[in-house]
Amino acid sequence: MSYGLLKGKKGIIFGALDSNSIAWKVAERCHEEGAEFILTNAPVALRMGELNALAEKTNSEVIGADATSMEDLEKLFDAAIAKFGKIDFILHSIGMSVNVRKGKPYTDVNYDWLTKGWDISAVSFHRVMKMAWDKDCLNVGGSILALTYIAAQRVFPNYNDMADNKAYLESIARSFGYFWGKEKGVRVNTISQSPTPTTAGQGVKGFGGFINYAEKISPLGNATALDCADYCVVMFSDLTRKVTLQNLFHDGGYSNTGVSQEVIEKFEPDAE
Ligand code: NAI
């Protein structure tokens, strides 16, 4: 259903890779709600070619940018400004750990890979915000969002160095968000999403086990990518103008639940 919540709003959406991507669903929902935006991803991801279908569907332009390259980001923001003038929202939906990808355990990380993953998954959020800041291209009342995971606060052993990257990402949202609020009237928040079966999500060892576990713990069940897209729409809309510097849990209640009846029953000594 469309509510016209983003009518007239312009933005940039980072990180749609394929139709499972959270950013893909966000783009579809933003389009339904009346927004116009540029889709961007790393040049290597664009070579897969899937993004063109989304661009067509949402009547948007695709511009490649490696989010760790200030040069690429400058070209992207210049193109956005040329097209839209000022913009209203940015979604950072980017994550990658080389150690996770190559199966290196946390106790034996490769530090070059760690640094690369940290730059892609966390520092890139600072880079994106710095470029937008330097270009002064967000309207007052604008909204900047990044996606994160609860491994920033709690231990999930297989999440590896991504846990540290997410903690850093959330801290950047607060630190830069202060200045965005004070000087530009712009909100900066992170949404901490349930495990979601995407390319990045399924790269985590044991993903099948922990998505099912989260489903059983959460009173409302796991939030899907589409649910997340709906939340992003609300956070980009004018209905949340005083929400900033927050890490917003979007997880069916997982983060505040100790245990659920289903899980207790599974561990009853006389179960089986
Ligand atoms: P995805 O794999 O579809 O998206 C990750 C995106 O990051 C891809 O589009 C990829 O091309 C992009 N990317 C990687 N390196 C890049 C670079 N150098 N420059 C620009 N883009 C780059 O997976 P998903 O799950 O949609 O991930 C989106 C965000 O949601 C990530 O921040 C992820 O950590 C977060 N998240 C995912 C959860 C899950 O279980 N899938 C749970 C909570 C948060």
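No experiment lies behind these values; they were computed from the predicted model shown. Just follow the structure's listing: the first ligand is 1, and inside any ligand the first atom is 1.
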Any donor-acceptor pair under 3.5 Å from D78 side chain to K75 backbone: no

Neighbour count >12 (heavy atoms, 6.0 Å) for atom CG, D108: yes

Close-contact set for ligand 1 against A65 heavy atoms, below 4.0 Å: 19 (N), 20 (C)

Closest candidate by heavy atom, reference atom 35 (C) of ligand 1, pool L147, V128, L51, V204: L147

Identity and distance of the protein heavy atom lying nearest atom 40 (O) of ligand 1: T196 N, 2.8 Å

Nearest-option assignment for atom 12 (C) of ligand 1, heavy atoms, candidates L169, N41, D251, T68: N41

From F176, W133, Y168, residue fulfilling ring pair (Phe, Tyr, Trp, His ring centres under 6.0 Å) relative to H126: F176

Pair E170 + K166: basic N to acidic O under 4.0 Å: no

Heavy atom of the protein closest to atom 3 (O) of ligand 1 (residue, atom name, distance): S21 OG, 2.6 Å

Neighbour count above 12 (heavy atom, 6.0 Å) for F210 CZ: yes

Close side-chain approach of H92 to S124, heavy-atom, < 4.5 Å: yes

Part of I120 with heavy atoms under 4.0 Å of ligand 1, whether side chain, backbone, both or neither: side chain

Ion pair check, K130 and D134, cut-off under 4.0 Å: yes

Protein heavy-atom partner closest to atom 18 (N) of ligand 1 - residue, atom, separation in Å: D66 OD1, 3.0 Å

Greater than 12 external heavy atoms within 6.0 Å of K184's NZ: yes

Contact check: A200 vs ligand 1, nitrogen or oxygen atoms, below 3.5 angstrom: yes

Ligand 1 contact by H92, heavy-atom criterion under 4.0 angstrom: no

Backbone or side-chain N or O of F207 under 3.5 Å from ligand 1 N or O: no

Taking every non-hydrogen atom, the tightest pair across F125 and I172: CD2-CG2, 4.0 Å

T240 versus R187, side-chain donor and acceptor atoms under 3.5 Å: yes

Shortest protein heavy-atom distance from atom 42 (C) of ligand 1, along with the residue and atom involved: S194 O, 3.5 Å

Residue pair T196 / N20, side-chain heavy-atom distance below 4.5 Å: no

Test side-chain contact (heavy atoms from CB on, under 4.5 Å) applied to N110 and V98, N99, D161, the passing residue: N99

Within reach of ligand 1, part of T148 (heavy-atom separation under 4.0 Å): backbone

Y149 neighbourhood, listing ligand 1 atoms whose heavy-atom distance to it stays under 4.0 Å: 42 (C), 43 (C)

Under 3.5 Å: donor-acceptor pair, side chain of N139, backbone of D88: no

Region of S121 engaging ligand 1 - heavy atom pairs below 4.0 Å: neither

Shortest protein contact, atom 19 (N) of ligand 1 (heavy atom only): A67 N, 2.9 Å

Transitive ILVMFWY side-chain link Y213 to F207, under 4.5 Å: yes

Proximal ligand 1 atoms for Q193, defined as those under 4.0 Å from one of its heavy atoms: 42 (C), 43 (C)

Min heavy-atom dist S124 to ligand 1 below 4.0 Å: no

Region of A45 that comes within reach of ligand 1 [heavy atoms, distance under 4.0 Å]: side chain

Atom 32 (O) of ligand 1: the protein heavy-atom neighbour that sits closest, reported with distance to 0.1 Å: K166 NZ, 2.9 Å

Within-shell test, A146 vs ligand 1, heavy atom, strictly < 4.0 Å: no

S97 side-chain N/O to G117 backbone N/O, donor-acceptor pair under 3.5 Å: no

Ligand-side contact atoms (ligand 1) for residue partner P195, heavy atom cut-off under 4.0 Å: 40 (O)

Under 4.0 Å to a heavy atom of G15 - the qualifying atoms of ligand 1, by number: 4 (O), 6 (C), 8 (C), 9 (O)

Contact partition for S192 relative to ligand 1, non-hydrogen atoms under 4.0 Å: neither

Protein residue, atom and distance nearest to atom 29 (C) of ligand 1, heavy-atom basis: S93 OG, 3.5 Å

Identity and distance of the protein heavy atom lying nearest atom 24 (P) of ligand 1: T198 OG1, 3.3 Å

